[in-house]
Amino acid sequence: MSTVTPKHVAIIMDGNRRWAKLHGLQAIQGHQKVAREVIEQLVDRCAEIKIPYLTLWAFSTENWRRDPQEVSGLMSLFRETFGVNSSRLHDKGVKIQTIGDLSKFSQDIQDNIAHWKQVTANNQNITVTFALNYGGRDELIRAMTALRASTTLDQPLSEELISSALDTAQMPDPDLIIRPGGEQRLSGFLTWQSVYAELYFTKVLMPDFGPAELDKALAEYQDRQRRFGS
């Protein structure tokens, strides 16, 4: 059994709508519980046990296809998250980052995100990255487009060069990817970066995935022997 703590934990935040339905609530109320309660609890736990990077997939490139009322509610939650919630995270020494194509969001949301990324830039307790309008294929397309524009045709591609053009260039690849909600697939989350990540799937829905559930995932991670292809 390993006692090594992962440097980077990433979570696919799934099951919010099903949790709301089970409790006789509107879909947005499942998202609200996660945004207003669960995220901060997970951040606190990761900071407590010295996990330096936590990435949370909050909105995918496909989520725009959902019911317009739910999407509108999510936009309101993003305004709340990058407002009062970000202020509390800042007070705890959290550095806030994002990955994904933010250009699709309204200007006020983009401005709020930019503000809190700047305000928290020098915080060092933990880096929390929100994946917003994120999709692994979209990220690779954007990275390849940027490389094509900035490199010469005869410059050979390498893993290092591609990694440097990704949204995650300033952080290590995830050691552990967790998906609550019962599905056992990554759905395009961190497509390039996940090749050697340990995967943990649980039927627990995201609104119920608090620190105790995180500890279960970490305990299983420590039971595994990572081989990296060797």
Side-chain angles (χ1 to χ4, degrees), residues 6 9-49 51 54-86 88-89 94 96 98-100 104-105 109 126 128-136 174 176-191 194 197-221 223:
V9 172
I11 303 177
I12 300 171
M13 299 196 294
D14 193 20
N16 299 344
R17 293 185 295 175
R18 280 172 285 154
W19 181 90
K21 185 176 181 179
L22 284 172
H23 290 80
L25 304 171
Q26 295 181 342
I28 192 61
Q29 291 177 278
H31 300 300
Q32 288 171 341
K33 180 173 175 61
V34 171
R36 294 172 178 173
E37 300 176 30
V38 178
I39 287 177
E40 192 166 348
Q41 293 172 4
L42 294 175
V43 171
D44 289 345
R45 181 59 179 149
C46 287
E48 178 185 3
I49 58 179
I51 293 174
L54 173 65
T55 296
L56 304 167
W57 198 5
F59 193 83
S60 78
T61 50
E62 288 78 27
N63 287 159
W64 296 106
R65 304 170 190 166
R66 291 185 175 180
D67 179 86
Q69 185 175 357
E70 182 182 354
V71 172
S72 177
L74 285 167
M75 295 304 112
S76 296
L77 266 183
F78 294 153
R79 291 182 175 94
E80 181 180 317
T81 296
F82 294 99
V84 176
N85 295 2
S86 292
R88 290 203 305 270
L89 294 178
V94 175
I96 295 173
T98 63
I99 57 175
K104 301 294 177 66
F105 293 110
I109 292 176
I126 183 175
V128 176
T129 302
F130 294 93
L132 300 168
N133 192 33
Y134 176 86
L176 173 64
I177 297 178
I178 299 169
R179 182 165 189 163
E183 303 291 350
Q184 297 189 37
R185 61 178 183 270
L186 295 184
S187 300
F189 186 46
L190 300 175
T191 302
S194 63
E198 297 295 325
L199 308 180
Y200 178 86
F201 302 107
T202 174
K203 292 182 180 180
V204 175
L205 303 176
M206 187 64 206
D208 292 325
F209 192 87
E213 293 298 330
L214 175 62
D215 286 347
K216 291 178 184 178
L218 294 173
E220 182 166 318
Y221 171 85
D223 274 340

Working to the nearest 0.5 angstrom, can you tell me the gap between Glu198 CD and Leu176 CG? 7.5 Å
Between CD1 of Ile178 and CZ of Phe189, what distance do you get to the nearest 0.5 Å? 10.5 Å
How about Leu186 and Ser194: do any of their side-chain heavy atoms sit closer than 4.5 Å? yes
Could you walk me through whether Ile51 and Leu218 satisfy the side chain to side chain contact (heavy atoms under 4.5 Å, CB included) test, starting with their C-alpha distance in whole Å, then the side-chain angles of each, then the deciding distance to 0.1 Å, before giving a yes or no? CA-CA 11 Å; Ile51 293 174; Leu218 294 173; 4.1 Å; yes
What heavy-atom pair brings Asn63 and Val71 nearest, and what distance separates the two atoms? O-CG2, 3.6 Å
Over 12 non-hydrogen atoms of neighbours within 6.0 angstrom of CD in Gln69: no
Main chain of Leu77, side chain of Thr81: is a donor-acceptor contact present, judged purely on distance under 3.5 Å? yes
Can you give me the closest heavy-atom contact between Cys46 and Leu214, atom names plus distance? SG-CD2, 3.8 Å
Which residue pairs pass the ring-ring contact (aromatic ring centres under 6.0 Å, His included) test with at least one member in residues 20-39, sequence neighbours excluded? Trp19-His23
With a 4.5 Å cut-off on side-chain heavy atoms, are Ile39 and Phe130 touching? yes
Taking ring pair (Phe, Tyr, Trp, His ring centres under 6.0 Å) as the definition, give me every residue that meets it alongside Phe78, ordered by chain and number, with sequence neighbours left out. Phe59, Phe105
Side-chain contact test, heavy atoms from C-beta onward, threshold under 4.5 Å: evaluate it for Pro180 versus Leu205 and give yes or no. no
Roughly how far, to the nearest 0.5 Å, is CG of Asp14 from OG1 of Thr202? 11.5 Å
Is Glu183 atom CD crowded by more than 12 heavy atoms from other residues, nucleotides or ligands, each under 6.0 Å away? yes
Could you tell me whether the side chain of Leu190 reaches within less than 4.5 Å of the side chain of Pro174, counting heavy atoms only? yes
CD (Gln29) and CZ (Arg36) are apart, to the nearest 0.5 Å, by 9.0 Å
Apply side chain to side chain contact (heavy atoms under 4.5 Å, CB included) to Leu132 and Phe82, showing your working. CA-CA 12 Å; Leu132 300 168; Phe82 294 99; 3.8 Å; yes
Between atom CE of Met206 and atom CG of Leu56, what is the distance when rounded to the nearest 0.5 Å? 6.5 Å
Go through the structure and list residues passing side chain to side chain contact (heavy atoms under 4.5 Å, CB included) with Glu213, not counting sequence neighbours. Val204, Phe209, Lys216
Of all heavy-atom pairs linking Gly30 and Pro207, the shortest is O-CG, 3.9 Å
How many angstroms lie between atom CG of Leu22 and atom CZ of Arg18, to the nearest 0.5 angstrom? 9.0 Å
Walk me through it: do Asp215 and Arg45 pass the test side chain to side chain contact (heavy atoms under 4.5 Å, CB included)? CA-CA 9 Å; Asp215 286 347; Arg45 181 59 179 149; 2.9 Å; yes
Tell me the closest heavy-atom pair linking Gly210 and Gln41, and the distance in Å. CA-OE1, 4.3 Å
Does some side-chain heavy atom of Met13 sit less than 4.5 Å from a side-chain heavy atom of Trp57? no
Looking only at the side chains, is there a donor atom on one of Trp64 and Asn133 sitting less than 3.5 Å from an acceptor on the other? yes
Take Arg179 and Arg185 through the test side chain to side chain contact (heavy atoms under 4.5 Å, CB included) and record every step on the way to the result. CA-CA 8 Å; Arg179 182 165 189 163; Arg185 61 178 183 270; 3.6 Å; yes
Taking the side chain as everything from C-beta on, heavy atoms only, tell me whether Leu54 gets closer than 4.5 Å to Ile11. yes
In terms of heavy-atom contacts, Ile109 and Arg79 come closest through CG1-CG, 3.8 Å
